**Q** 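Provided herewith is a single structure, encoded as structure tokens, for subsequent inquiry.
Keep in mind that the numbers below use all heavy atoms, side chains included, and drop hydrogens, waters and symmetry copies. Everything numeric here is computed off the predicted structure, so don't read it as measured data.
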Amino acid sequence: MYQEHAERILDVLNKNHTRGVITAAEAAHALQLLEQEVALSKLHPEVDAAHANHSHAHHLQDEDETAEMADKNHIGFAQRAYPLLEMLRAARDGGDNIVWGI
């Protein structure tokens, strides 16, 4: 995941971008916060569009890919957050911590 995508997710959770822990005790609340942000991003796709400018800089466009196709292939916030949502559910249910950058 590119840094700016991770930063957006971690900002929602009020976590450090480079190193941190979401404890098992925090997992349920973090899950709730992230699910709310995902729901908002789906209700307001223009917010995802504002962040899309960053991802287009990292997207290598194929020779025959049009701008319309690139927009259609854009990966939104909900898709980027999905793996962490799954980890948060597992952490909550299993009593485990999520650790990064250590």
**Q** Once rounded to the nearest 0.5 Å, what's the spacing between atom CG of Leu34 and atom CZ of Arg89?
**A**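 Between Leu34 CG and Arg89 CZ, I get 9.0 Å after rounding to 0.5 Å.
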**Q** What distance separates Arg19 CZ from Ile102 CD1, expressed to the nearest 0.5 Å?
**A**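 Arg19 CZ to Ile102 CD1: 5.0 Å, rounded to 0.5 Å.
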**Q** Of all heavy-atom pairs between Ala90 and Asp96, which one has the smallest distance, and what is that distance?
**A**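 Here Ala90 and Asp96 meet closest at O-OD2, 4.4 Å.
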**Q** CD of Glu37 to CG of Leu40: how many Å apart, nearest 0.5 Å?
**A**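 Going from the CD atom of Glu37 to the CG atom of Leu40 covers 5.5 Å.
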**Q** Could you walk me through whether Ser41 and Arg80 pass side chain to side chain contact (heavy atoms under 4.5 Å, CB included), step by step?
**A** CA-CA 12 Å; Ser41 74; Arg80 293 198 190 282; over 6 Å; no
**Q** Which residues satisfy the side-chain contact (heavy atoms from CB on, under 4.5 Å) test with Asn97, sequence neighbours excluded?
**A**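 side-chain contact (heavy atoms from CB on, under 4.5 Å) check on Asn97 returns Val21, Thr23, Ala24, Val99.
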**Q** Less than 4.0 angstrom from a charged side-chain N to a carboxylate O is my criterion; do Arg92 and Glu26 meet it?
**A**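 No, this pair does not count.
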**Q** Taking side-chain contact (heavy atoms from CB on, under 4.5 Å) as the test, write out the residues that go with Gln79, two or more places apart.
**A**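 With neighbours one apart ignored, the set is Ile75.
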**Q** After noting the C-alpha distance and the side-chain angles of Leu84 and Trp100, does the key distance pass the side chain to side chain contact (heavy atoms under 4.5 Å, CB included) rule?
**A** CA-CA 12 Å; Leu84 183 56; Trp100 64 95; over 6 Å; no
**Q** Taking side chain to side chain contact (heavy atoms under 4.5 Å, CB included) as the criterion, tell me which of Leu88, Leu13, Val38 meets it with Leu33.
**A**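 Exactly one candidate clears the test, Leu13.
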**Q** Begin from the C-alpha positions of Asn16 and Leu10 and carry the test side chain to side chain contact (heavy atoms under 4.5 Å, CB included) through to its verdict.
**A** CA-CA 7 Å; Asn16 184 289; Leu10 293 171; over 6 Å; no
